[in-house]
Student: 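Starting off with a structure, shown below.
Protein chains get the first letters and strands the later ones, always in sequence-line order, with residue 1 at the start of each. Quick caveat: nothing in here was measured; it's all calculated off a predicted structure. All heavy atoms count here, side chains included; hydrogens, waters and symmetry mates do not.
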Amino acid sequence: MYAIVAIGFNIIYSATGVLNFAQGEFVMLGGMVAITLASFLPVPVAVAVAVAIVTLFGCGLELVFFRRLRSHSILHMIIITIGLSIVIQELALHVWDEKVRSLPYFTGNEASSVKLLGAALSPQVIWVLGTAAIVVVLLQLFYKRTLYGRAMRACSSNLEAAMLVGINAGNMRTAAFGLSAGLGALAGCVISPISMTHYEMGPGLAIKGFAAAILGGLGNPMAAVVGGLTVGLIEAFSVSVIPSAFKDVAAFAILLAMLFLRPHGLFGRPSGVSVREV
Amino acid sequence: MKEKLMCGIKVAAAACIIGLTVLTTNGAESRTIKIGAIFSQTGPASFLGAPEAKTVQMLADQLNAKGGVLGKKVEVIIKDSGGSPEKAVSFAKQLIDEERVLAIIGPSTSGETMQIKPLCEENKMILVSCAAAETIVNPLAKYVFKTPQKDSQAVTWIYKTMKDMGISKIAVLSGNDGFGMAGKKQLEDLASAHGIQIVANEVYDKGATDLTDILTKVKGTAGVQAVVNWSIVPAQSIIAKNMKQIGLNVPLFQSHGFGNLKYVEQAGVAAEGILFPAGRLLVVDELPDNHPQKKVLAAYKKDYETRFKEDVSTFGGHAYDAFMVVIEGVKKARSTDRDKVRDAIEQLKGFVGTAGVFNYSPTDHTGLGLDAFEMLTVKNGKFAIYKK
Amino acid sequence: MLLQVRNLRCGYGSLEIVKGVSLHVDAGEIVTLLGANGAGKTSLLRAIAGLLPIWSGDIRVNLRSVVGEPPWTRISHAMMLVPEGRQLFGDMTVWENLLLGGYHNLDRKRAIEDVYERFPHLKGRLRQLAGTLSGGEQQMLALGRALVARPRLLLLDEPSLGLAPLMVREVFNCIKRLKEDGVTVFLVEQNAVAALEIADRAYVMETGEIILEGEAADLVTNPEVRRAYLGKGYKEIWE
Amino acid sequence: MALLEAANVRQCFGGLVALNGVSFQVSPGQIKAIIGPNGAGKTTLFNIICGLIKPTDGVVRMDGKVITGLKPFQIAALGVSRTFQNVSLFPHMTVLENVLVGRHLHGRAGLIGCALRLPTQRREEKAMVEQATRLLEEVGLAEKARHSAGGLSLGQRRLVELARALGTEPRLLLLDEPASGLNTKETDDLSRTLRRIRDRGITLLMVEHDMSLVMDIADEILVLDFGVKIAEGPPAQVRSDPKVIAVYLGEKENVATG
Amino acid sequence: MNTTARIWPRLAAFAAAAIVVQLSLSAVGKVYYLTQLTMAVYYSIVVMGLSLLMGYAGQVSLGQGAFFAIGGYTSAFLTTHNMAGYRGAAWFDLLDKCGVIVSRKSLYDDTLVLTLAPWLAFMVAILLTVVIAAVIGYPSLRLRGHYLAMATLGFGLIIHCVLIGSPALGAADGITGVPRLSVGGLAVSGKSAVRVQNYYIAWAVAIAVLVLLRNLVESRMGRALRAIHDSEAAASAMGVNTPKLKLEVFMVSAALAAMAGSLLTHYNEGIGPSESSAFKSVRYLALVAAGGVANLEGALVVSTLLVFLSLRGWFGTYDNAVFGIILIAIVALAPQGPFRQLGLWMGRCRTLYKPGKEARSGAS
């Protein structure tokens with residue numbers, strides 16, 4: 001689950017160099033929209049439509065708030081994505097309300113479980129894992145096999161050269177936002193039955209997703225998945241070592257440790273992260 | 001020169017805005033009774049504050065439609081604290097100093113209540129809190145009351161039920177918020193008195209989305225006969241689901257915070273059989289017609305649900321009680337003098353609220369006895385009174 | 001006139017780098033722009049390619065003004081810049097680099113085949129990451145990538161930069177062949193002798209202005225060219 | 001003894017070798033110039049000397065003390081100052097403030113002293129302003145002291161940068177293409193200024209493309225090509241070196257035969 | 001550089017504004033507005049500290065709320081934790097002999113409460129925060145941009161979790177019953193009787209901070225700081241010890257946050273964990289942005305105003321949204337800060353009317 005959020009970070013970061021602090025809000029919006037639609041549409045349709053709507057929303061966000069900016073300094077990017085995160089949350093609070101909602105389980109119900117290697121898992125967990133796996137595979141195909149995906153990689157590799165060969169960097173940026181929003185929304189839908197959807201869920205997810213992305217190394221979807229799983233495992237494991245009230249502390253501590261020691265991630269190469277470079 | 005000019009502009013701008021606030025705030029009117037309310041309508045505790053604010057607004061409208069009390073209209077000033085204590089303090093000071101309200105209802109959380117408790121006490125301001133923690137009324141403050149049932153009573157109910165079921169070894173899980181921590185303390189304090197042994201004791205993040213890890217740990221602990229969970233949403237539903245998923249098939253007790261059908265819906269079939277103590281608001285339909293609370297509860301439920309198109313929750317009920325306690329105090333004192341109203345509230349006996357029948361006294365500012373609770377369970381996706 | 005720049009002014013921040021430059025390139029020509037470091041050559045090219053916003057003046061490709069258009073539309077005017085320092089997609093393969101060169105060229109398969117023909121060297125390295133190529137190979141790839149788009153006007157920014165003499169020769173030979181294939185080349189070089197050798201016409205730039213222009217053959221012997229490179233009084237120094 | 005000594009300095013960026021075992025010495029009081037075509041590794045060498053990058057191999061010594069591995073500010077404290085190829089002024093500060101930053105090393109006042117404006121700090125500040133003003137006068141920009149550094153012309157920026165570098169009272173001053181972008185008159189002024197600086201006992205090491213300037217004022221010239229030293233010696237000797245001519249003016253014969 | 005001449009008029013203006021506001025509010029009988037104004041002024045101290053860090057040194061911090069909370073909590077804990085149980089322990093006797101133990105009666109019953117003297121707790125609070133800032137800042141400040149923001153945010157969240165999870169610190173309820181902080185005849189306290197006095201104390205502290213920071217910015221260290229912002233490489237080459245200076249400024253801004261936290265805790269007589277929430281830190285960021293990133297006076301004015309309105313409950317349930325919108329609006333419309341942008345617009349208008357005069361851009 002963190003993995004999908006981490007992938008979302010990756011997509012926008014590599015295409016635009018922006019770390020989107022509002023990434024968690026896409027997840028929340030996906031869940032919220034799907035839940036609303038599910039009241040009169042079958043669940044699969046609702047999820048599909050929700051993902052589509054949030055994708056458009058992500059594109060719109062880029063068009064409205066990023067396309068026209070005069071300054072693209074990192075400080076301003078941080079400020080504006082944080083601002084968006086808050087405003088989207090508040091919007092969600094006033095559009096929906098403070099209540100916690102959830103989608104019905106895709107298969108089975110709340111009490112059903114599947115035995116897997118001795119561990120009991122909810123069928124929804126299988127859904128989540130399956131979705132993450134499929135997303136990663138599709139993303140890899142998209143990036144490695146399609147012209148459009150390659151163009152997106154080109155933008156992150158060398159923006160100026162990409163523009164020179166005729167890639168419309170503006171559209172790429174919009175597409176990256178849309179893609180990342182859509183994936184976030186999808187994540188929001190599949191996890192909704194398990195962990196429910198709440199207007200305030202975004203930031204917590206975002207920072208853990210970021211921890212996962214950092215753990216894996218920014219700019220690499222595969223590594224993000226490994227990072228996501230690692231964060232989840234460490235969280236689960238930490239419960240048996242430290243008081244569970246401090247479970248989140250463990251996750252954040254990992255984030256800090258990673259940032260301080262290996263900001264380019266476990267698998268990444270060192271690049272423009274730390275100051276000591278010319 | 002330019003610097004001076006800029007400074008002048010800034011200062012002028014500041015003065016203008018402050019001037020504006022002065023102008024837009026109405027002067028006090030003596031023809032109305034002002035009651036202040038501080039609820040956490042937004043922020044992490046909004047699930048408490050939002051229904052509370054709605055309830056109080058609704059009650060004030062209803063009361064005024066009927067002509068008010070003592071011939072005066074009631075004006076409710078609701079402030080949204082967002083769950084921040086410093087805002088609660090700021091608002092309390094406003095309500096005390098500027099609005100000179102008769103009483104303050106709320107805040108929603110015990111943390112905020114504790115921050116303004118000394119403030120109200122010093123300024124002789126009636127505070128009727130909607131938060132549950134024991135520390136609000138213990139140590140006793142002269143002007144501070146509360147309406148939710150005591151945690152200790154809820155715990156007593158749970159332990160009594162356990163005894164009847166023959167359970168003696170339990171696991172305690174609690175969320176890391178004020179509610180969870182307060183409940184945890186009561187569970188620990190009262191356990192030995194009821195012959196209960198806590199063999200596992202875990203705290204988790206209140207926003208946690210997956211508790212399988214903790215429950216697995218509990219499952220691994222020998223001799224756990226029941227699990228008590230003390231938290232607020234959404235963990236309450238998650239815990240029920242996770243227990244079923246990992247096959248931890250012992251009875252699950254929840255706190256009185258489980259009082260909303262929504263949580264049952266979220267837990268789905270996993271909610272079946274959950275036991276929890278609660279006021280009777282949730283099972284109003286099951287109550288016999290001659291039950292003293294039946295009329296009040298049914299009316300509140302109907303009014304709230306028709307007006308706001310959402311299920312009534314016990315939290316709104318706490319605000320109902322708080323508001324009505326103040327109004328009853330005014331009626332009984334036949335005065336809007338704050339000290340007289342306070343005395344009247346302290347002497348209030350047999351007032352029927354949503355949480356139970358209130359009997360305040362100089363030593364008890366909670367007013368509710370053990371009978372305020374009913375042990376409830378979930379049956380077919382609905383709340384039902386638990387019968388042995 | 002394939003490319004026409006009129007009275008172009010541009011710079012960074014408040015610093016004016018290019019101070020009113022006018023020049024033109026006719027179809028089928030190789031025109032070279034010479035000048036010392038810091039003369040503003042690269043800024044001028046970046047402005048023409050749309051990477052640097054211009055302050056005033058006009059840039060026309062095929063008589064149509066391209067001022068204000070974003071850089072990625074330049075290719076629709078059949079114009080392509082090979083920037084200074086190659087600017088390859090270093091973490092992508094050679095083949096992917098070529099493919100992206102033909103991002104807008106629907107006939108890119110054929111175009112890539114043609115590039116193989118031109119640079120047989122690249123064909124053996126299709127799966128290699130562009131960043132791991134040697135300097136000369138990178139320059140070949142940069143040229144090749146630009147050619148996949150089948151530009152009629154090719155802007156080259158210091159293609160000989162950092163290359164071993166042997167490679168420089170190969171690059172310049174290649175540019176000469178391009179002309180034979182009907183591609184117009186606007187070449188910015190600091191290797192003046194080599195550039196003038198293959199160019200038809202040349203401009204010399206100093207501190208943001210064009211100080212000299214003429215037939216390449218004339219300029220080879222023009223002392224001003226050397227001056228622009230080597231500073232005043234070059235004579236006493238070098239001869 | 002040499003003031004600055006580089007021994008077998010090697011620098012690789014990824015697979016690219018920017019410097020391949022360069023050794024040279026700078027004697028006190030001389031003006032030494034480094035020339036060579038673009039991409040020869042001149043600026044890289046400067047960055048290594050002043051500590052912005054750490055060489056892959058080799059050492060640089062100042063007064064016989066190894067300085068490779070030290071932070072730039074530590075090297076600056078040893079008396080090495082520099083200007084930048086692309087003029088790296090602080091654009092949001094005034095000209096005077098820029099030069100005052102150059103005086104940073106010679107101030108004592110810490111954060112607390114500055115915040116409280118202690119008398120010692122005030123005296124120090126006054127002295128620093130006087131010195132900075134003097135430096136600006138020296139480069140002829142005193143009247144621009146209060147202007148924003150961002151609004152100056154390139155030539156003026158170079159002068160401010162020079163004044164700023166002099167503010168650190170260096171023993172060795174590194175100049176990265178000080179004449180690039182300057183017109184003839186400005187270049188003449190610059191050459192006079194540089195001589196004056198040398199006469200004050202400051203050793204100069206500069207990278208420059210303007211041959212006339214280099215030949216005019218340099219005591220010694222080092223020629224780099226592809227990260228390799230191909231010639232070193234007094235101007236007269238270097239200018240007659242056929243290798244240098246070939247490298248600098250292009251490989252005429254090769255192209256002709258190609 | 002004649003800095004004195006530039007500072008005093010501003011100070012006089014602020015002091016005059018403070019006095020005018022107080023007098024006019026007293027005159028119209030709305031003196032209670034001073035309560036929220038006082039709180040707002042304390043918060044603006046945090047904002048000024050962050051403005052120094054962000055605007056002048058160019059480093060982002062999303063951990064200011066945590067520093068505020070560390071300061072506040074330390075003060076609150078030391079002045080409410082009853083040490084009566086430690087009587088007889090050697091360290092306690094030593095403290096007692098130094099005269100730093102104070103006793104008072106409990107609010108609700110007659111038990112004797114022995115705590116550390118508030119002024120000492122205040123010192124300890126700031127010191128502790130500075131130490132923590134040093135520990136966390138040393139590795140953090142090697143990062144830049146997004147990474148630095150995330151690192152400080154992560155640190156803030158850790159502090160938040162620890163505060164909420166620690167029963168000794170009141171867990172989710174926070175700490176209440178903090179006594180007043182009195183030095184000389186003055187006391188930081190929220191009692192309505194000393195409201196006016198406290199209003200001026202807050203302003204005095206804020207203006208003092210402003211003066212100190214102004215001095216700092218326009219001195220040797222401040223120039224070095226701004227140099228780092230413009231070009232770290234060039235600053236370093238000029239002999240500026242950039243890592244050390246950045247760390248020092250980080251510590252200064254943390255100390256200011258802690259000071260504000262401690263003072264406000266005494267003023268409010270308590271503190272809760274929400275002070276350390278990520279949103280609080282974001283709010284400080286918004287206020288710095290709204291004041292104009294490198295504009296200490298702007299930060300003071302804007303944050304005092306906006307926090308005042310927020311504490312008055314002006315924004316109702318849209319409180320958070322307002323700050324989010326400010327963040328977006330500033331970046332989208334006035335990345336230089338509203339005052340500077342206003343200056344630009346005014347300058348443009350002037351040139352329209354007087355075409356002969358050239359507008360000086362960016363002046364303020």
Student: Salt bridge or not between C:Arg46 and C:Asp157? Use side-chain N to carboxylate O under 4.0 Å.
Tutor: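 Between C:Asp157 and C:Arg46 there is no salt bridge, as every charged N stays at least 4.0 Å from the carboxylate O atoms.
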Student: Is C:Leu100 in contact with chain A via its backbone, its side chain, both, or neither, using a 4.5 Å heavy-atom distance?
Tutor: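 Both parts, heavy atoms under 4.5 Å.
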Student: Among C:Thr73, C:Leu81, C:Ile75, which has the most heavy-atom pairs under 4.5 Å with chain A?
Tutor: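 Answer, by heavy-atom pair count under 4.5 Å with chain A: C:Leu81.
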Student: Would you mind telling me which of A:Ala162, A:Ala151, A:Ala161, A:Gly166 has the largest number of heavy-atom pairs within less than 4.5 Å of chain C?
Tutor: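 With the most close heavy-atom pairs to chain C, the winner is A:Gly166.
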Student: Closer than 4.0 angstrom, basic N to acidic O: yes or no for C:Glu96 and A:Arg153?
Tutor: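 Answer for the salt bridge query: yes.
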Student: For a quick check under 3.5 Å, do C:Ser65 and C:Asp58 share a side-chain donor-acceptor pair by atom type?
Tutor: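 Result is yes, a qualifying pair exists.
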Student: Between C:Lys179 and C:Glu29 (salt bridge meaning N to carboxylate O under 4.0 Å), is one present in this structure?
Tutor: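 No, C:Lys179 and C:Glu29 are not salt-bridged.
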Student: So what's closer than 4.5 Å to chain A heavy atoms on C:Met92: side chain, backbone, both or neither?
Tutor: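 The answer is both parts of C:Met92.
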Student: On the 0 to 90° scale, with breaks at 30° and 60°, tag the A:Phe26-A:Phe57 ring pair as parallel, tilted or perpendicular.
Tutor: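 Perpendicular, since the angle between the ring planes exceeds 60°.
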Student: Based on non-hydrogen pairs under 4.5 Å, which of C:Leu99, C:Asn105, C:Val82 is most in contact with chain A?
Tutor: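 With the most close heavy-atom pairs to chain A, the winner is C:Leu99.
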